[in-house]
Asker: 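Below is one structure. I have some questions about it.
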Amino acid sequence: MKVLNALKKHNYEKPTPIQAQAIPAIMSGRDLIGIAKTGSGKTIAFLLPMFRHILDQRPLEEGEGPNAVIMTPTRELALQITKECKKFSKPLGLRVVCVYGGTGISEQIAELKRGAEIIVCTPGRMIDMLGANSGRVTNLRRVTYVVVDEADRMFDMGFEPQVMRIVENVRPDRQTVMFSATFPRAMEALARRILSKPMEVQVGGRSVVCSDVEQHVIVIEEDKKFLKLLEILGHYQEKGSVIIFVDKQEHADALLKDLMKASYPCMSLHGGIDQYDRDSIINDFKNGACRLMVATSVAARGLDVKQLILVVNYSCPNHYEDYVHRAGRTGRAGNKGYAYTFITEEQVRYAGDIIKALELSGSSVPPELEQLWGTFKEQQKAEGKSIKSSSGFSGKGFKFDETEHALANERKKLQKAALGLHDSDDEDTALDIDEQIESMFNSKKRVKDLSAPGGTGAGATPGFTGATSAAGLAGLAIPSAGNIQKLEIAKKLALKINAQKNLGAEAQDVMQQATNAIMRGGTMIAPSVSAKTIAEQLAEKINAKLNYTPVEKLEEERQAAEQAESIKRYEEELEINDFPQTARWKVTSKEALQRIGEYSEAAITIRGTYFPPGKEPKEGERKIYLAIESANELAVQKAKAEITRLIKEELIRLMLRQVGSSSNEYCMSGKPLCLAEDGRRPVAHFDLCSTPANKFYPPSPPTAPLQTSLSHLTAPSQGPKPAPCQRQVAPAPPRVPQRVPARVSSRPSLKASDKPEDSKKKKVPGRSGKRGRPAGTTKSAGYRTSSGRPLGTTRAAGFKTSPGRPLGTTKAAGYKVSPGRPPGSIKALSRLSKLAYGACTGAAFPYSAMHKAGDANTKEQQANETPKMALASSVPQFLVSGFPSARNQKTPPPSSITTAAPSSMVSSGACSQPDLCQGDRQSDSVGALPLHGSVPPYS
Ligand SMILES: Nc1ncnc2c1ncn2[C@@H]1O[C@H](COP(=O)(O)OP(=O)(O)OP(=O)(O)O)[C@@H](O)[C@H]1O
């Protein structure tokens, strides 16, 4: 009833087609992929079933995390969904928190601590939150409903590792739903890994421009574009709001200035703008305070502005999906809209996608565009080149310009490598990393057999013999401290066998006599053989001939095998000395060791000494290594796999950073990114995982091309020493050898240079304060507030400036620059680095470790936390009206609902990527349940 009232209040009179079909399907408890055109109301389609789902759960208790998590690719979209969600959550008494990057984390932490049933988030900040305050801010233990909005984008470059990391830490029998207007098949296959037997609801075409959008494409010369824009604006501006899309941040700022000069008040929105300003720009645009906005594709998805009448693609979109989403900012919720696209002859390679979009949506293709494309195709054919579709998801990623495109490709390859997904063309990258890690580990394995004094060390390697290897009985004649313990065990075994056989001392067998001799410390003499032993041996011979095994012997063998098994010890050593410092930190910190130990149930110790590059250990010394030990071979393998994963993740992060630095990247001083003296980038630079203040190093020599080999990360630099940097205030940390105690269990005592960054709290004198505040000044010293406003002024007082924008200037004056970045400089590469960040933080909470870390009742608790399915009877009547049989049917009936191929179909060739389609979860009871059933408890 409360939902119904809210629907009425916001004039939602009847469900849109996607809502009518997706809502009952989700309420039946199934995982779902929902595809429908832009502006068709997908948000409500996943929100309404979510409220029902949450209301069926027991209330949250103190310290418990949310019931539902909604993930989106952009901050603006996260805010928009939160707003939409609040329309319903307030009357229902549910709490929503929006967790997104670029803004103060403390407010979000405070909100989360108060408790929230729903979190709407961007994945990167969500990972931060999960790791914050040792997981005490929020957790995923109560999450049973997960939404991935704009799912294709979320599984495109950049977000996938983060999304996966979050989803993998939610209980496996969760309900997961995904929505988008575009969903290329390749992306869908990837996304299906987190779904369980999903239904697919597709309304209209798969990736088609909404039919309410009238599309126009104009082939035009670059220098005539602005005049044409003014002509179009003159026609449409007074009818509603207008958004103009450009390809780059600097183009957005330049066009903004030109439009201001032409007396069009406008704003610009792009990734280089401070998040506080981005939020207020969106607000102003949505409420009509400003009706003209120049934006990059950051505003292409999800943005819902009711009165938006016109979209102008001032720069031609460089992939199909981008075109569909940009055009979809208008013509929403049944309203009419217009989209104009400028394309120059130089951009002819994008013409194919535009033609495809026009054709699929039933619009006419202008003859000059067709002609341009035809000529291009012929040219390509003559040159023997093939023409590919520039879908954003066929390995090309989300392009800004050619350089960024190349960098994005490299990033994508590395991310795929991290996830173990290989394309034919990037297979070598993944293999390279795995092989190189394995070879750098220089792994040494051994199995210690402690079941008998003469036990052999299987797979023993040089340097591993000694106590455990049986060097013959003669070798055992001088018992060492090590073998006394083992001999003791052997003795007990022998005594036990004798007791079972009821043999006297005179009937001791050969081994027992040998043991006694050893324990006495003397040399072994020839064993005396009793008549009973001889009789037994004879009996054994007869039994062997008759192929008969006495029952007692069988039992005895079983017990012996059990005993032997229980005292086997598996060991493996992984050398980590030559990995980059941060990679070593990742696996040697106290928390990491503890976590890996808990997860794998193996003991991990740090041994040896760190040797810097070029130094070799002397005799008797060993380079730093991790020793994994367990009585269970599987535990050792698990620990090794986790260590490898952590190292790989860190190496990939470092390589991604290298990708970012292989172009003009700006450090906070506004100068090109500086490298450390050894040619590496300063560790803390853009590294949001580490807490120390930013380091400033001398400007780099010309950047080297990207290398996917690990050698450049580990080998010392040969390059010339760069000139001193004006802002250099903190020298690179000295690389000194350090000794690590021979056996350190969970608390390694590492020296400063090998300690995790966050443990170094020392402030370097003279280092600048936060947000570019000069050292020594504080906020209260009147310098400025955290958002760049002079102290004492309020936003309302008209001082709402971004950091760096001169006071009194307006956003529209084009001064909106991020701190330290010169106006007009692009920040896309730092954004790439930030995206890479997910690869580094997310590892902190493997599912099992997280659940183990909780209290002892975790499993019991989880069993009680069964996600109950929402009942179809709760579907608001108005929603069901367009869908009358929804209440009584087990599966939604309309023919437009296509149920996704079950695994059996997949394996029979229904899908080209069966391995991906089958998903990780083999069995899922949710999908198989009838409409009114309930999900079995998770245990
Ligand atoms: N049943 C309904 N009746 C009327 N308006 C609706 C209904 N459902 C949603 N809307 C409105 O339609 C607009 C578009 O909805 P929404 O943003 O959910 O679309 P979308 O499909 O998610 O679009 P995109 O693919 O661009 O993200 C919103 O303004 C929303 O309030």
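Please read these numbers as outputs of a predicted model, since none were measured by experiment.
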Asker: Taking the side chain as everything from C-beta on, heavy atoms only, tell me whether Asn67 gets closer than 4.5 Å to His53.
Answerer: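 Not in contact.
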
Asker: With heavy-atom distances below 4.5 Å as the criterion, would you say the side chains of Tyr145 and Val69 are in contact?
Answerer: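 No. Closest side-chain heavy atoms not under 4.5 Å.
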
Asker: Between His325 and Thr38, do the side chains contain a donor N or O and an acceptor N or O under 3.5 Å apart?
Answerer: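 No pair is found: no donor N or O on one side chain lies under 3.5 Å from an acceptor on the other.
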
Asker: Drop me the distance from Lys2's NZ to Lys9's NZ, to the nearest 0.5 angstrom.
Answerer: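 It is 13.5 Å, given to the nearest 0.5 Å.
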
Asker: What is the distance from atom CZ of Phe46 to atom SG of Cys85, rounded to the nearest 0.5 Å?
Answerer: 8.5 Å

Asker: Please answer whether the main-chain N or O of Gly65 pairs with a side-chain N or O of Glu117 as donor and acceptor at a distance below 3.5 Å.
Answerer: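 Flag not set: sc Glu117 to bb Gly65 has no pair under 3.5 Å.
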
Asker: Is it true that the side chains of Gln275 and Arg278 contain a donor and an acceptor less than 3.5 Å apart?
Answerer: yes

Asker: Is a side-chain donor or acceptor of Asp31 paired with a backbone partner of Ser196 at a separation under 3.5 angstrom?
Answerer: yes

Asker: For Tyr100, enumerate each residue passing the ring pair (Phe, Tyr, Trp, His ring centres under 6.0 Å) test, keeping only those at least two apart in sequence or located in another chain.
Answerer: none

Asker: Check whether the side chains of Glu84 and Thr43 place a donor and an acceptor atom closer than 3.5 Å, and report yes or no.
Answerer: no

Asker: Taking atom types as modelled, find out whether Arg174 and Thr176 have a side-chain donor-acceptor pair closer than 3.5 angstrom.
Answerer: yes

Asker: Regarding Thr72 and Asp149, is there a side-chain donor-to-acceptor distance under 3.5 Å anywhere?
Answerer: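 There is no such pair (donor and acceptor under 3.5 Å, judged by atom type) between the side chains of Thr72 and Asp149.
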
Asker: For Phe51, enumerate each residue passing the ring pair (Phe, Tyr, Trp, His ring centres under 6.0 Å) test, keeping only those at least two apart in sequence or located in another chain.
Answerer: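 Listed in chain order: Phe88.
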
Asker: Are any of the side-chain heavy atoms of Asp304 and Gln80 separated by less than 4.5 Å?
Answerer: yes

Asker: At what distance, to the nearest 0.5 angstrom, does CD1 of Ile70 lie from CD1 of Ile118?
Answerer: 6.5 Å

Asker: Check whether the side chains of Arg125 and Gln108 place a donor and an acceptor atom closer than 3.5 Å, and report yes or no.
Answerer: yes

